[in-house]
Protein chains: 2
Amino acid sequence: MSGRISDSTVRRLSLYLRMLRDLERAGVEFVSSSQLAEPSGATSAQVRKDLSHFGSFGKRGRGYSVDGLVRALENILGLSRSWRLALVGVGKIGSALLGYGGLAARGFDVVAAFDVDEAKIGTRAHGLRIRPMRELRPVIAECGAEIGVVATPTEVAAEVAAELERAGVGAILNFAPIELSEVNGVPIRTVDIVLELEGLSYLMSESGRRTGSDA
Amino acid sequence: MSGRISDSTVRRLSLYLRMLRDLERAGVEFVSSSQLAEPSGATSAQVRKDLSHFGSFGKRGRGYSVDGLVRALENILGLSRSWRLALVGVGKIGSALLGYGGLAARGFDVVAAFDVDEAKIGTRAHGLRIRPMRELRPVIAECGAEIGVVATPTEVAAEVAAELERAGVGAILNFAPIELSEVNGVPIRTVDIVLELEGLSYLMSESGRRTGSDA
DNA sequence: CCGCCCTTGTGAAAGGTTTCACAAACCAAG
DNA sequence: CTTGGTTTGTGAAACCTTTCACAAGGGCGG
Ligand SMILES: NC(=O)c1ccc[n+]([C@@H]2O[C@H](COP(=O)([O-])OP(=O)(O)OC[C@H]3O[C@@H](n4cnc5c(N)ncnc54)[C@H](O)[C@@H]3O)[C@@H](O)[C@H]2O)c1
Ligand SMILES: NC(=O)c1ccc[n+]([C@@H]2O[C@H](COP(=O)([O-])OP(=O)(O)OC[C@H]3O[C@@H](n4cnc5c(N)ncnc54)[C@H](O)[C@@H]3O)[C@@H](O)[C@H]2O)c1
């Protein structure tokens, strides 16, 4: 049980948890692996295999207790607590994030925001005072933010990520379209919209080529 | 050559292309698979294998012609043209996207924007008139947008995606945290920030458990 | 033209993930 | 208590991706 778990398994666990919370709210008590599989596009065998890496949560013939599995998954994913985020770069995407209620609703609280723009420093965005970069280290140390968010221009993203890492965050979410290399075991996830669009471009071009050559 | 290409291969091809464009701008003429591999965290063998699915682009002993490979990858990925995007939902994330120069710079032009909010309809955001949903079909047909972008609240995301598909887009980029099922072969990519954060949460909790149980 | 060095392209091996298929377990009903 | 219907947990098989390792090819200096 529980060796190294793949990214795709963890991703699916999050999706299962989402559905389980909906079921919990709806008052459902038991759920089977096949019901659980449907919304994430997985198979029932995959659900069972994913869960089996962490233990044995179901009852044969009955399925999984919704409440029990919600708690188990929250523990596995580290979501039985909330996490504090420090945002760097309060521009277009940074402001959108600050105003995004979906983060706090799921236990991710933005507790500090930083920028270099003198015009922005000191002003408030969605109730949070924007601070100068100089205060990055002390403020992160003081408020204990665990996750750093990079929403600065691409050119400075690597530098900002390194600074966040030195300030003591345990993970980084990056919005700049650049592959940041993980240092000191601090995991980095990059949300790269252009990469997604290029993936779609490939698929559309490919299907065009396929149907095109058939004609 | 060229069977079904995996997502991860396509993703890496995009990263290679990024680097190649930088090299081109810098006037470099040839590049080896190992140089190409570095920024995307791949290995040189992987670069060669990825490219070999589409043909033979290098010269043994010499490497790849930067210009030649840029054009080859642009063709493979469908990036030797530009794509038109139709945005639905001009809220926080939608506005950030409209103002994001990085899209047009890479050949993705937002050519139409839609919303249901009467207060927003008719106003301009970053030079684009916001249109009522009623005009979705005719406008997409007229301007020929190929990619639909869903930036509406989660509850209506599935409905909006279906509407975009009916309006004739060939692919959808979705920002709502919900798994949309592909219909009629229209590929959908979802950018799910909360899922990324939960992945980081898992990694941090896991390393905590590991170091914790060793102590 | 020759020989040396370098790098590609690619089968084969290794490693990882998903699917299959079934025994084991549980519940409910009789 | 036994039977029947249901669903889990899991080895084994199938499938897919990455890495290895090397022959084949190309350029360059002499
Ligand atoms: N706008 C979008 O929709 C969007 C979408 C995807 C990705 N991105 C990426 O996100 C990043 C930010 O994009 P944006 O559109 O919000 O840009 P923006 O210019 O609106 O905002 C960038 C902010 O970062 C601040 N900044 C600059 N240098 C800094 C530094 N060294 N330290 C701290 N703060 C600094 C600026 O003052 C500004 O407030 C870019 O890398 C962009 O490619 C943006
Ligand atoms: N704000 C963020 O940073 C952020 C980040 C990640 C994901 N998201 C997701 O993106 C989506 C939009 O978030 P947001 O923060 O921009 O919300 P928002 O409320 O600011 O904007 C939503 C917009 O969609 C419009 N809308 C509502 N119903 C519509 C319909 N049926 N058709 C067309 N338009 C409609 C609204 O009028 C509004 O303008 C949500 O699903 C959210 O979970 C947002």
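Between the side chains of B:Glu198 and A:Ser14, at least one donor N or O lies within less than 3.5 Å of an accepting N or O. A donor atom on one side chain and an acceptor atom on the other are not found under 3.5 Å apart for B:Thr43 and B:Gln46.
Atom-to-atom, NE2 of B:His53 to P of C:dT8 comes out at 16 Å; the value is rounded to the nearest Å. Rounded to whole Å, the distance from CZ on A:Arg4 to C1' on C:dT17 is 16 Å. When the C1' atom of C:dT19 is taken as reference, atom NZ of A:Lys49 falls 9 Å away, rounded to whole Å. Atoms CZ (B:Phe54) and C1' (C:dG9) sit 15 Å apart, rounded to a whole Å.
In this structure, the helix from C:dC1-D:dG30 to C:dG30-D:dC1 shows an angle of 10° between the axis at its start and the axis at its end, each fitted on 5 base pairs and rounded to 10°.
Applying a 4.0 Å cut-off to non-hydrogen atoms, the residues of residues 33-46 of chain A that approach DNA chain D are A:Ser33, listed by residue number. Annotation: proximity of residues 10-24 of chain A to DNA chain D (heavy atom, distance under 4.0 Å) is found for no residue.
One distance of note links CG of B:Leu195 with CZ of A:Arg106; it measures 9.0 Å at 0.5 Å rounding. Here B:Leu98 contributes atom CG and B:Leu103 contributes atom CG; the two are 9.0 Å apart, rounded to the nearest 0.5 Å.
More than 12 heavy atoms of other residues, nucleotides or ligands lie within 6.0 Å of CD in B:Glu182, so this atom counts as buried by the packing criterion. By the neighbour-count criterion of 12 heavy atoms within 6.0 Å, atom CZ of B:Arg11 is sparsely surrounded, having that number or fewer from other residues, nucleotides or ligands.
With B:Thr190 as the partner, the side-chain contact (heavy atoms from CB on, under 4.5 Å) test is satisfied by one option alone out of B:Ile172, B:Leu173, B:Ile178, B:Asn174: B:Asn174.
Here the range on DNA chain D touched by chain B, meaning any atom under 4.0 Å from one of its heavy atoms, is D:dT17 to D:dG27.
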Restricting both atoms to N or O, compile the protein contacts to nucleotides 25-28 of chain C shorter than 3.5 Å, with distance only.
| from | atom 1 | to | atom 2 | distance (Å) |
| --- | --- | --- | --- | --- |
| C:dC26 | O4' | A:Arg60 | O | 3.3 |

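For B:Arg12, the salt bridge (Lys or Arg N to Asp or Glu O under 4.0 Å) partners are B:Asp50, not counting sequence neighbours.
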